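Notes follow the structure.
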2 protein chains.
Amino acid sequence: MSRTPRPRRRVTLASLAAELKISRTTVSNAYNRPDQLSPELRERVLSAAKELGYSGPDPVARSLRTRRADTIGLLLDQPLSYSFRDPAAVDFVAGLANECDAAGRALLIVPAAPDHEPGAAADVVNKASVDGFVAYSVPENDPYFGAAMERHLPLVVCDQPAGIDGTVRVGIDDHAAMLALARIVLDLGHRSIGILAMRLGDSKRDGTTPLDAALASRYSVQRDRIQAIADAAAQQPHEVALTIIETASHTRESGARAAQAALDQDPGITALLCTTDVLALGAMTWAAEHGIVIPDELSVTGFDGTADAMRADLTTVVQPSEEKGQRAGEILMALAPSTGSREELLATSVHHGSTIAAPRRR
Amino acid sequence: MSRTPRPRRRVTLASLAAELKISRTTVSNAYNRPDQLSPELRERVLSAAKELGYSGPDPVARSLRTRRADTIGLLLDQPLSYSFRDPAAVDFVAGLANECDAAGRALLIVPAAPDHEPGAAADVVNKASVDGFVAYSVPENDPYFGAAMERHLPLVVCDQPAGIDGTVRVGIDDHAAMLALARIVLDLGHRSIGILAMRLGDSKRDGTTPLDAALASRYSVQRDRIQAIADAAAQQPHEVALTIIETASHTRESGARAAQAALDQDPGITALLCTTDVLALGAMTWAAEHGIVIPDELSVTGFDGTADAMRADLTTVVQPSEEKGQRAGEILMALAPSTGSREELLATSVHHGSTIAAPRRR
DNA sequence: TTGTACGCGTTATCAA
DNA sequence: TTGATAACGCGTACAA
């Protein structure tokens, strides 16, 4: 396999046309409107192009002229190496990418510097050559998101933030979904509950968080899920003690540590309701390592319905992550620049796994 | 949260300059060279920009002028939803994306249509506004890869294809790694081996593949690994029977089916050497469902060292997938357009898990 | 079927 | 410290 020889000088539409002694229009047409010139001429153009190492109209120049990049930008809350720890995020990106594939659009992942300086976020967002943005689960007041808003391009939000003027949101009813699950658990008779949640605050920290602080989080998804648990608890005929543990990072390991922290805080806890499957699986690992039998001695639930969770037969909320990505893409590509606000909620279900049971009698 | 009012007409550097009765250069400098104008004037420019909804120089026009997109393109063999079934691929992309983040570059995922028409591959590659490409594990003669070569941009290959003129390749020594693992297994005394491999042929098919066909595959990574097993087998003092099962898709489910197929083909098989962890985990699931005890009744090995595999304590080759992505990014960004060919092989190791043992006596 | 002329929005260069 | 001018490479009316 050998490469076409690298051109000495840059070959352009114009230089190619000059070489062939035809006009630039004709060369352009050879690529963009095959029906506008004779097949023979077109063939001559294409073969000369190959000869000279010209691989077609420059995409940047074309984009400038046509005002479209055929590319959509993806905004993430964190660097990809963190986001991808979460299978639900991976599924979302896969769904979105597939939709892009189908429409012949490329997907641009906007870099998210771990520690964003003030202007850096806007900078990197403004540098993205895209026709629109999808923001995946970013917190309220996120600087990247703010910068994307300022670009006045079509914008679709997945999950968070909700209620933003002039954007379309794709998501689920987090509150209703978690409410249903929490009721199932509480109705079994649990009175001391541990809640394991993802990051809630502005700074990264691990440990106990008061309920009111959790309900003031910028992460509305986490907030809604915790609110749902609180609501379900309030509806019980008896008091229910809630211990919330926040985890800065979102891994099984931090789930395990959070489980430990929860039971340190309140040894009477008989059920751990986790806001994600990853944390729940970590809690299960922790329990196994400490000889705690699930569900006999401890109930555990998750949220997401990832493949790993289903394999572990975790009792959890199943949400269509890949479909969310797909819908976000579909909507974005059908969107006029200034559409009114809209919300599209997809269906969820509860997977009745084998990780919950009535609390053991004392 | 409310959006800045959408501008009636498109605001540009020029229109903003006109509005302020200053030159375009000055506006440009306000963004790109803050030291080239007085702080007061700069402030005046920036606030007028905000007022009018101008979010800074158009990225496409800037790219045209500066001849750089600050974006690198990622070429995959398959649509993302397939690629992402493989945790090793996810890790690779995460590593690459992180490197891009650090360098302030965006990552463009080039769409790979499931069924590529003749010209579609070239089309989509030519439309990508990027400064260079990373190709991840694409087969020899892949049309997308060919099109990327024709663009004469910096190009880094991960894993496959090897030996391409004028490109840098990042990978591992697949043959050596698998040879080491295969010897360990064979030295335990196994004489009937099943090999579970990913796609080998041009068309998607499941089932038995003769050794010589496997060794003619366009997928050099699979080829090398299988060759290593064959070599290890040839070095044994006794005959070793090899049964190769090819799987079109790369999932645990197909791994399970392949395991079944292997033992249907040769019920005497006592060890399954899989070319990936995903297939090995599928084989383990299959064994569990059929009451076959691992490793007592069946030995199983994988390749990759994914998190799932490590959790299952699978005996496997561990390779640094995320680091491969990182190195690919580093090399690409330090690359001159026409560098000579080069190869960089990263280290691997064998994880001695609990899934192999000597074959059971008959 | 082909060619001409203009504009897309920016940055580099040089002059003031 | 600011401004004028010329590219960057292409798409597309419109005229021929």
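Throughout, a chain's letter reflects where its sequence line sits, starting with A, and its residues are numbered from 1. Just so it is clear, the structure is predicted and the values come from calculations on it, not from any experiment.
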Legend entry - Atom of Asp58(A), atom of Ala61(A) and distance for their closest heavy-atom approach: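 For Asp58(A) and Ala61(A), the tightest heavy-atom pair comes out as OD1-N, 3.0 Å.
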
Length of the line joining [X]:[atom1] and [N]:[atom2], which is rounded to integer Å:
X	N	atom1	atom2	value
Lys127(A)	dT10(C)	NZ	C1'	15 Å
Arg24(A)	dT12(D)	CZ	P	14 Å
Arg33(B)	dT1(D)	CZ	C1'	14 Å
Arg67(B)	dG9(D)	CZ	P	5 Å
Leu37(A)	dT1(C)	CG	P	7 Å

Under the 3.5 Å rule, do the base of [N] and the side chain of [X] count as making a donor-acceptor pair?
X	N	answer
Thr25(A)	dT4(C)	yes
Thr66(B)	dA12(C)	no
Arg65(B)	dT10(C)	no

Inset, instruction - Using a heavy-atom cut-off of under 4.0 Å over every strand shown, decide if Tyr54(B) touches base, sugar-phosphate, or nothing. - result: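 The answer is sugar-phosphate, as Tyr54(B) gets under 4.0 Å only of primed atoms, P, OP1 or OP2.
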
Inset, instruction - Name the nucleic acid region contacted by Arg68(A), choosing base, sugar-phosphate or nothing; use a 4.0 angstrom heavy-atom cut-off, strictly under. - result: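 Since no nucleic acid heavy atom lies under 4.0 Å of Arg68(A), the category is nothing.
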
Inset, instruction - Output all residues satisfying salt bridge (Lys or Arg N to Asp or Glu O under 4.0 Å) with Glu330(B), sequence neighbours left out; order by chain, then residue number. - result: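 Salt bridge (Lys or Arg N to Asp or Glu O under 4.0 Å) list for Glu330(B), sorted by chain: Arg327(B).
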
Inset, instruction - Could you check Thr26(B) against Pro57(A) and say which one's nearest nucleotide on DNA chain D is further toward the 5' end? - result: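 Counting from the 5' end, the first nearest nucleotide belongs to Thr26(B).
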
Legend entry - First encountered from the 5' end of DNA chain D, between Leu64(B) and Gln36(B):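 By nearest-heavy-atom nucleotide position, the 5'-most residue is Gln36(B).
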
Legend entry - side-chain N/O Asn32(B) vs dT11(C) OP1/OP2, d < 4.0 Å: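 So the side-chain polar atoms of Asn32(B) do come within 4.0 Å of the phosphate oxygens OP1 or OP2 of dT11(C), strictly under.
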
Inset, instruction - Evaluate the side-chain contact (heavy atoms from CB on, under 4.5 Å) criterion for residues Val45(B) and Tyr54(B): first the C-alpha distance (whole Å), next the side-chain angles of each, then the deciding distance (0.1 Å), finally the verdict. - result: CA-CA 10 Å; Val45(B) 171; Tyr54(B) 178 69; over 6 Å; no

